[in-house]
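Contents: one structure, followed by commentary.
Only this structure's heavy atoms are used, side chains among them; waters, hydrogens and symmetry mates stay out.
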Amino acid sequence: GKRVGDDGGRGHGGSAFVSPDPDLITDGEVIPGGGPTDDGLVVILPLKNWQPAPLVSLFTCSKDKNKTFTVPPGAFTAQVLAYGASGGDSQSDSKVVGGLGAAVQGILPVTVGQSLIVKVGCSLYPSGYALGGDGGGGGSNNIEVGSDGGDGSAVLTSAGEPLFVAGGGGGAGGRGF
């Protein structure tokens with residue numbers, strides 16, 4: 001059929017936060033370009049001062065909003081990588097894409113037995129640290145509502161203080177004229 005109206009714009013990338021406290025984070029940075037498309041992801045790699053190689057903890061999108069990472073024996077720091085979920089694509093034929101989620105990484109001093117709260121953003125249902133916003137309207141005749149933004153991913157202290165936050169990407173705009 002004939003297309004009526006114009007598609008909305010692409011969603012923008014998510015924003016990011018790394019705690020500026022040098023006692024909490026070393027070598028923290030926002031990764032330029034954002035994360036991959038789709039759901040968020042958090043990877044925690046405990047760094048040990050002895051062998052064998054450390055175990056990697058991979059946290060993915062699920063309806064379980066709060067996950068816990070417990071620092072294993074021998075670890076004194078942990079490398080953290082977090083990606084926010086991307087925003088939703090448009091539902092129109094032209095498939096305007098949502099924005100990428102933000103990406104952050106850094107080294108975190110830890111103690112054995114310490115617990116960290118991990119929240120991983122999803123792009124299909126609310127689950128992350130900062131939930132994605134609703135999609136915008138499609139103009140004066142609102143042919144199609146915009147897609148929702150992606151949820152953010154985060155690593156927090158056991159008291160809920162944010163250490164790393166990777167915001168979700170913005171959703172694609174709707175179609176209207």
task = Provide the closest heavy-atom pair for S153 versus G121 in the form atom of the first, atom of the second, distance.
result = OG-N, 2.9 Å

key: Exam field: side chain T70 to backbone G113, donor-acceptor pair closer than 3.5 Å   = no

ask   = CG of L45 to OG of S57: how many Å apart, nearest 0.5 Å?
value = 8.5 Å

inquiry  = Membership question, hydrophobic clusters at under 4.5 Å side-chain separation (ILVMFWY): are I107 and L58 in the same one?
reply    = yes

remark   = Only one of V118, V42, V80 passes side chain to side chain contact (heavy atoms under 4.5 Å, CB included) with F69, and that residue is V118

Tell me which donor-acceptor pairs under 3.5 Å the side chains of residues 154-170 have, and how far apart each pair is, sequence neighbours excluded?
from : atom 1 : to   : atom 2 : distance (Å)
T157 : OG1    : A159 : N      : 3.3
T157 : OG1    : G160 : N      : 3.4
T157 : OG1    : E161 : N      : 3.0

query = When rounded to the nearest 0.5 angstrom, what is the spacing between CG in L108 and CD in Q79?
reply = 11.0 Å

query = Side chains of N66 and K119: closer than 4.5 Å at any heavy-atom pair?
reply = yes

ask   = Quick one: are F59 and I44 in side-chain contact, heavy atoms under 4.5 Å?
value = yes

key: Shared hydrophobic cluster, V56 / V112 (ILVMFWY, side-chain heavy atoms < 4.5 Å)   = no

